[in-house]
Amino acid sequence: MGKMEMITNTSPRKGVNNVHPTPPPLPAKAPEYGRKGIFMSKRSAVTRYSSASSTARDLWDSLFDGGYRADVTIKTDDGGIIYAHANVLGMASPVLRGMLKRAKGFGKKRSISIHGVHQDAVRVFIRFLYSSRYKYEEMKEFVVQLLVLSHAYAVSSLKRVCEQQLEHGLLNLENVVDIFQLSLLCNAPRLTLISHRMILSNFKAVSATEGWKSMRNSHPGLEKELLESVIEEENNQKEKIRKSKERKIYLELFEAMEALVHICRDGCRTIGPHDKDFNQIQTPCKYRACKGLELLVRHFAGCKLRVPGGCIHCKRMWQLLELHSRLCADSTSCRVPLCSNFKEKVKKQSKKDEIKWKILVKKILRTKRIGGSVSFIASSTSMSS
């Protein structure tokens, strides 16, 4: 039983009024400070990174706002003065701790200076050292200056907040060049990557901003590096487009091979195997290349110039038949015409032509394996042997 309980349960003595003291008024509502992140609304005052209770954080805010027994004066630009406590500043920032050790003052009061940024930005910075809180509107206005302060005074928690706020909304085309330069100076690699990507993706608009013009005058070497990276990115995009088109061609060739086997083995629409009756009632064909290849087969069967080089459509058909023979796993049981003949022809081809065909076969196999399983053909190992 505590001391308060003992006093409460004891009967009052004679002559003593049993009157309880009036409780103090409830504390006023603390101003809404909070860290806004990707999981919070702008109005939220909850600090995502602090495990301290709201009451404790309100107390730290009150200590800063009231300046109770403050023993440090912080001088800012325009003659502004902010009162703070040396113990809080020293625990929150090793740089400020060193400044306080060297600071001069009268008695126990010391004075330090933080110049180069707006006075209000310094106040937001010092408040964060007390309670890890800030207003979103203040962060939006002073995020660049707060990033500089967090790096200069080694406040890693504030630095992370600034980086996250920039990544999730405060980074834009107008400030991206400044943020890119600042991220290099402040050793913020993720922010460097994000701002660099934004510059590359919106180069035309970014290069017309005041930030870019300023960088051109102050850091021409950095502008040169960015221009080189833009050219490199454009070349990479062109290469991706080229490879995408190439892959599409190889997939179309593989689909043509599947449709050719399907037509010669099962029959489709008006063409079927020569040794069995064609079924007039068929379900829709699942092979996308079947219709076009069927027209090509019908043309090939009736063309009078059916020799290589005589007809462009027949030439394409000859190439498809030869490609099939190189992909076919078993020509002895294959129903595709001339499959075994082409395999014999391969033995008489020049080494140069043979290398070209092997490269084509490898690329088709590789492309198909990326997109899905490979059917009816030999493995790439046997093809390359």
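All values reported here derive from a predicted model rather than from experimental measurement.
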Could you grab the distance from atom CG of Leu200 to atom CG of Leu226, nearest 0.5 Å is fine?
-> 7.5 Å
Stepwise, does the salt bridge (charged side-chain N to carboxylate O under 4.0 Å, His left out) test hold for Asp58 with Arg133?
-> CA-CA 10 Å; Asp58 292 345; Arg133 284 178 166 183; 2.8 Å; yes
More than 12 heavy atoms of other residues, nucleotides or ligands under 6.0 Å from CH2 of Trp60: is that the case?
-> no
Are Ile74 and Leu89 side-chain neighbours, meaning at least one heavy-atom pair lies under 4.5 Å?
-> yes
Work out which heavy atom in Leu147 is nearest to a heavy atom in Cys186; give both atom names and the distance.
-> O-SG, 4.3 Å
Would you say the ring centroid of Phe125 lies under 6.0 angstrom from that of Tyr153?
-> yes
Cluster check Leu193, Val206: I/L/V/M/F/W/Y, side chain < 4.5 angstrom = no
Same cluster (ILVMFWY, side-chain, under 4.5 Å), Trp357 and Ile249 | yes
Ile114, Val95: one ILVMFWY side-chain cluster at the under-4.5 Å cut-off?
-> yes
Would you please test Ser111 and Lys75 for side chain to side chain contact (heavy atoms under 4.5 Å, CB included) and show each step?
-> CA-CA 7 Å; Ser111 177; Lys75 297 179 180 179; 3.4 Å; yes
Does some side-chain heavy atom of Arg57 sit less than 4.5 Å from a side-chain heavy atom of Ser132?
-> no
Can any side-chain N or O of Lys109 pair as donor or acceptor with the backbone N or O of Ala70 at less than 3.5 Å?
-> yes
Nearest 0.5 Å, what's the CZ-CD1 distance between Arg127 and Ile82?
-> 10.0 Å
Can you tell me if His85 and Tyr130 form a side-chain donor-acceptor pair at under 3.5 Å?
-> yes
Check: Asp61 side chain, Ser131 main-chain N or O, donor-acceptor pair, under 3.5 Å | no
Can you list the steps and then say if Leu222 with Leu184 is a side chain to side chain contact (heavy atoms under 4.5 Å, CB included)?
-> CA-CA 11 Å; Leu222 185 58; Leu184 294 173; 4.0 Å; yes
Backbone N/O of Glu174 and side chain of Asn172: donor-acceptor pair under 3.5 Å | yes
Side-chain heavy-atom pair His196, Ser229 within 4.5 angstrom cut-off | yes
Linked, directly or transitively: Leu129 and Leu59 (ILVMFWY side chains, under 4.5 Å) | no
Do Ser183 and Leu185 have side chains that get closer than 4.5 Å, going by heavy atoms?
-> no
Considering only heavy atoms from C-beta outward, does the side chain of Val72 approach that of Val88 to under 4.5 Å?
-> no
Side-chain donor or acceptor of Ser207 paired with backbone N/O of Lys204 under 3.5 Å | yes
What is the distance from atom CE of Met215 to atom OG1 of Thr209, rounded to the nearest 0.5 Å?
-> 8.0 Å
Apply side chain to side chain contact (heavy atoms under 4.5 Å, CB included) to Met139 and Val161, showing your working.
-> CA-CA 9 Å; Met139 174 61 68; Val161 171; 3.9 Å; yes
Could you pull out the closest heavy-atom pair between Pro337 and Cys264, with the gap in Å?
-> CD-SG, 3.7 Å
Would the number of heavy atoms belonging to other residues, nucleotides or ligands and lying under 6.0 Å from CZ of Phe203 be above 12?
-> yes
Quick one: does Lys245's side chain get under 4.5 Å of Ile241's, heavy atoms only?
-> yes
Nearest-0.5 Å distance, CZ of residue Phe128 to OG of residue Ser93 = 12.5 Å
Pairing of Arg326 and Glu354 as salt bridge, 4.0 angstrom limit | yes
How close do Gly90 and Leu100 get, heavy atom to heavy atom, and via which atoms?
-> N-CD1, 4.2 Å
Is the shortest heavy-atom distance from the side chain of Tyr134 to the side chain of Leu146 under 4.5 Å?
-> no
Test item: Ser218 side-chain N/O and Ser214 main-chain N/O as donor-acceptor pair under 3.5 Å | yes
Find out if a path of hydrophobic residues (ILVMFWY) with successive side-chain heavy-atom gaps under 4.5 Å connects Ile112 to Val122.
-> yes
How long is the span from the SG atom in Cys311 to the CZ atom in Arg316, to the nearest 0.5 Å?
-> 11.5 Å
Counting heavy atoms not belonging to Arg216, are there more than 12 under 6.0 Å from its CZ?
-> yes
Inspect the contact between Glu163 and Arg190 and indicate whether a charged nitrogen and a carboxylate oxygen are less than 4.0 angstrom apart.
-> no
Between Gln145 and His118: side-chain donor-acceptor atoms closer than 3.5 Å | no
Hey, does the side chain of Thr192 reach the backbone of Ala188 with a donor-acceptor pair shorter than 3.5 angstrom?
-> yes
At their closest point, which heavy atom of Val176 faces which heavy atom of Ser195, and how far apart are they?
-> CG2-O, 3.4 Å
side-chain hydrogen bond (donor to acceptor under 3.5 Å, both in side chains) partners for Thr76, two or more places apart | none
Rounded to the nearest 0.5 Å, how far does CG of Leu360 lie from CD of Gln319?
-> 9.5 Å
Search all heavy atoms of Gly116 against all heavy atoms of Asp77 and return the closest pair with its distance.
-> N-OD2, 3.0 Å
Quick one: are Leu321 and Phe342 in side-chain contact, heavy atoms under 4.5 Å?
-> yes
Using atom types as modelled and distance alone, determine if a side-chain donor or acceptor of Arg123 lies under 3.5 Å from a backbone N or O of Gln119.
-> no
Side-chain donor or acceptor of Asn175 paired with backbone N/O of Leu171 under 3.5 Å = no
Shortest non-hydrogen contact from Leu149 to Ala121?
-> CD1-O, 4.1 Å
Salt bridge between Glu239 and Arg242, side-chain N to carboxylate O under 4.0 Å?
-> yes
Residues Met317, Leu260; criterion side chain to side chain contact (heavy atoms under 4.5 Å, CB included); working and verdict | CA-CA 10 Å; Met317 189 64 206; Leu260 180 63; 3.9 Å; yes
Donor-acceptor pair, Lys363 side chain versus Lys358 backbone, under 3.5 Å?
-> no
